[in-house]
There are 2 protein chains.
Amino acid sequence: MALGKDYATQECSIARALEVVGERWTLLVVRDAFYGVRRYNDFLVHLGIPRAVLAARLQTLTAEGVLEKRRYQDSPPRDEYVLTDRGIALWPVLRALSLWGRDHFTENRLRIFRHASCGTELGSYGECPACGTVVPAPDVEVVPGPGLDPNPADPVSRAILKPRRLLQPIEIEHG
Amino acid sequence: MALGKDYATQECSIARALEVVGERWTLLVVRDAFYGVRRYNDFLVHLGIPRAVLAARLQTLTAEGVLEKRRYQDSPPRDEYVLTDRGIALWPVLRALSLWGRDHFTENRLRIFRHASCGTELGSYGECPACGTVVPAPDVEVVPGPGLDPNPADPVSRAILKPRRLLQPIEIEHG
DNA sequence: CTTATTGGTTCAATGAGCGAACCGACGTGT
DNA sequence: ACACGTCGGTTCGCTCATTGAACCAATAAG
C-alpha cells in the first residue's frame, strides 16, 4: 500500500484487499472504470486527481491485475485501461459502498442501478427483485437520480448522464 | 477525508462513503469492531497502528456516527467504542471486500462466515444457502479457516480465534 | 511509595498527495 | 516548413498525513 508498511501484521483477506484498492483515489478510479471511463485524460478531468497520482494508481491497478492496459491505436500509440475479470469482481464492493453512502450521507439519490433486461431497480444485495437473480455487472443499467446535477461542466460527467450499462465505454461529445 | 481536499467534485455516494471510511486504517478498525474489539488498547495491539492515528480514526468514526463512545466504568473513567446501526450497516462492504481478497489474493481461507443458527457457510452475497435469507451481522458466526495461524502472539488475535458471533465482545485471557 | 494499566497527547522525521510546469510523440491548420 | 493542439505522461517543490518514540495524567495494585 504505502507508507513503509503495508497492513503488515494482518492475517486477513480484508486487509489484503485493502492493500490493493485501499489507497486514496483507487476505488474512485475503479468506479469510473465501471462507468466506462478508459482513458488517462478522461479519468483526469472527471476525478480532478493529480496527474502523478493517477499515473501511479493506474500502474498499480494494472500490476495487480485489476485493470488491463490495451492499445487502441498505433499512431500515435495510445492505450486504454479496461477492467479485468478481477476488476469486475469488485462490483459488489462498490455497490455495497454506494448503498451505504446513499442511505446514510446523501439527501437525494444520485444514481439508480437497474436490471437492464427488465428495468427493475436492484435490491440491497444486488439482486433483481423481479427476476430473483443476482445481476452481474454487465447487466446493470445506471440511470441518473433526482439528486444529480443535470448539467455538469466536464464532458465525461455529461457522457455518463445518459442511461447506460456498466462497463460500456463512454462516448465524449466534442465541440 | 484528508489532504486539504475531500473528493470535492464528486457527486457520488461511493465518494461520500469513502470520505468517511476511505482513510488508511479506518476499515480495519471497523472490521475489528465487528470482531468484538471495543477498547483503545485492544485495537492498538491487534492492528499495530500508531497511537495518534488510532485516536484520530476513533474520533472521526465517532463523529460520523459509525462508532459510539460508551462509558463502561467510572473509576478510572474508561470508554469503549461500539458499532452503531450505521456502523453495522457496513457489514456488506466488509463482506464483499473479504470475499474479493480471498478469491484473488490469498491461498488458504483465513476466516469462514457461517449462519449461526444453522451452521451453513454464507454464500457470495451474504445469504444463507440453506435458509434462503440474507444473514444480518449479529447472526453471523466467524470460525478460523485453515490458513490462519493457530498460535498468534497478541492476546486479541487469540481471543478472536474461538468461533464467535460478529459483534460479540472479545474476552481477553490475562496471564 | 513504587510500579502497572489504560487512554491518550506531543514531537521530529519521513513519506505521500498536491498543483504547476515541463516534455515527447504525433496530428492539424496555414 | 512551422506553429499549435492533444494525449499521456514525468519532474519538482510544497504541504499535509503517517510513523514511532517519548511523555503524561488518572487510578489501581503491591
Side-chain angles (χ1 to χ4, degrees), chain A residues 1-9 18-19 22-29 32 37-62 67 69-82 154-156 170 172-175, chain B residues 1-10 15 18-19 22-29 32 37-62 67 69-82 154-156 170 172-175:
Chain A
M1 179 164 197
L3 278 173
K5 292 214 303 200
D6 315 337
Y7 295 122
T9 67
L18 288 173
E19 287 180 3
E23 284 178 304
R24 185 157 159 78
W25 294 110
T26 300
L27 275 178
L28 293 185
V29 170
D32 272 18
V37 178
R38 296 184 165 192
R39 301 189 188 175
Y40 182 91
N41 221 38
D42 292 341
F43 286 111
L44 200 68
V45 304
H46 188 231
L47 291 172
I49 182 179
R51 306 175 79 90
V53 177
L54 176 59
R57 295 298 182 271
L58 290 174
Q59 222 189 323
T60 65
L61 283 173
T62 304
L67 296 178
K69 193 171 184 172
R70 172 190 299 172
R71 176 123 326 169
Y72 69 89
Q73 75 177 208
D74 277 319
S75 146
R78 291 281 181 264
D79 301 306
E80 57 186 5
Y81 296 89
V82 188
D154 74 288
V156 178
I170 60 172
I172 303 286
E173 0 146 326
H174 297 282
Chain B
M1 177 166 198
L3 279 173
K5 291 213 304 198
D6 315 336
Y7 294 122
T9 66
Q10 301 299 312
L18 288 173
E19 286 179 5
E23 283 178 305
R24 184 156 158 79
W25 293 111
T26 301
L27 274 178
L28 293 185
V29 171
D32 272 17
V37 178
R38 295 183 165 192
R39 300 188 187 176
Y40 182 92
N41 221 38
D42 293 340
F43 285 111
L44 200 68
V45 304
H46 189 231
L47 291 172
I49 182 179
R51 305 177 80 89
V53 176
L54 175 60
R57 295 297 182 272
L58 290 174
Q59 221 188 324
T60 64
L61 283 174
T62 304
L67 297 178
K69 194 171 184 172
R70 170 191 300 173
R71 175 123 327 168
Y72 69 89
Q73 77 177 209
D74 276 320
S75 149
R78 292 281 180 263
D79 300 307
E80 57 186 7
Y81 296 89
V82 188
D154 73 289
V156 178
I170 60 171
I172 304 284
E173 359 146 327
H174 297 283

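Atom set for the values below is all heavy atoms of this structure, side chains included, hydrogens, waters and symmetry mates excluded. Here is the naming used below: chain letters follow the sequence lines, and residue numbers restart at 1 for every chain.
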What's the closest nucleotide to the Tyr72(B) side chain, out of dT6(C), dC7(D), dG17(C)? dT6(C)
Counting only side-chain N and O atoms of Trp25(B), is one of them less than 4.0 Å from OP1 or OP2 of dT19(D)? yes
Kindly calculate the angle separating the two end axes of the helix from dC1(C)-dG30(D) to dT30(C)-dA1(D), each obtained from five base pairs, and round it to 10 degrees. 10°
When the distance from OH of Tyr7(A) to C1' of dT19(D) is rounded to whole Å, what number comes out? 14 Å
So, taking the atom named NZ in Lys69(A) and the one named CG in Asp79(A), what distance separates them when rounded to the nearest 0.5 Å? 5.0 Å
Who passes side chain to side chain contact (heavy atoms under 4.5 Å, CB included) against Asp154(A), sequence neighbours left out? Val45(A), His46(A), Val156(A), Ser157(A)
For the pair made of CZ in Arg57(B) and C1' in dG7(C), what is the distance, rounded to whole Å? 18 Å
Can you measure Arg39(A) atom CZ to dG8(D) atom P for me and round it to whole angstrom units? 7 Å
Just distance, no hydrogens or angles: give the donor-acceptor pairs under 3.5 Å from side chains in residues 47-57 of chain B, sequence neighbours left out.
residue	atom	partner	partner atom	Å
Arg57(B)	NE	Arg24(B)	O	2.8
Arg57(B)	NE	Thr26(B)	OG1	3.4
Arg57(B)	NH2	Arg24(B)	O	3.2

Using salt bridge (charged side-chain N to carboxylate O under 4.0 Å, His left out) as the criterion, list what pairs up with Asp42(A), not counting sequence neighbours. none
What residues, two or more places apart in sequence or in another chain, satisfy salt bridge (charged side-chain N to carboxylate O under 4.0 Å, His left out) together with Arg38(B)? Glu80(B)
Length of the CD1-C1' vector between Ile172(A) and dC7(D), whole Å: 13 Å
Indicate, with a heavy-atom threshold strictly under 4.0 Å, whether Val53(B) touches base, sugar-phosphate, or nothing. base
Could you give the CD1-to-C1' distance, from Ile49(A) to dA20(C), as a whole number of Å? 16 Å
Does dG7(C) have OP1 or OP2 sitting under 4.0 Å from an N or O in the side chain of Asn41(B)? no
Which residues share a side chain to side chain contact (heavy atoms under 4.5 Å, CB included) with Pro77(A), sequence neighbours left out: Arg71(A)
Atom CZ of Arg24(B) and atom C1' of dG17(C): how far apart are they, to the nearest Å? 14 Å
Taking Val37(B)'s backbone N and O only, do any of them form a donor-acceptor pair with Tyr81(B)'s side chain (distance below 3.5 Å, no angle check)? no
Please tabulate the protein-to-nucleotide N/O contacts below 3.5 Å involving nucleotides 8-10 of chain C, giving atom names and distances.
residue	atom	partner	partner atom	Å
dG8(C)	OP2	Tyr81(B)	OH	3.0
dG8(C)	N7	Arg51(B)	NE	2.9
dG8(C)	N7	Arg51(B)	NH2	2.8
dG8(C)	O6	Arg51(B)	NE	2.9

OG1/Thr60(B) to CD/Glu19(B) distance, rounded to the nearest 0.5 angstrom? 12.0 Å
Smallest separation among heavy atoms of Leu58(B) and Thr62(B), with atom names: O-OG1, 2.6 Å
Can you tell me the distance, in whole Å, between the CG atom of Leu44(B) and the C1' atom of dA21(D)? 13 Å
Can you check nucleotides 25-29 of chain D for protein contacts, nitrogen or oxygen pairs under 3.5 Å, and list what you find?
residue	atom	partner	partner atom	Å
dA28(D)	OP1	Ser75(B)	O	3.1
dA28(D)	OP1	Ser75(B)	OG	2.4

Calculate, to the nearest 0.5 Å, the distance between atoms CD and CG belonging to Gln10(B) and Leu18(B) respectively. 10.0 Å
Sequence neighbours excluded, the answer for salt bridge (charged side-chain N to carboxylate O under 4.0 Å, His left out) partners of Asp32(A) is none
To the nearest Å, give me how far apart CZ (Arg71(B)) and P (dG7(C)) are. 11 Å
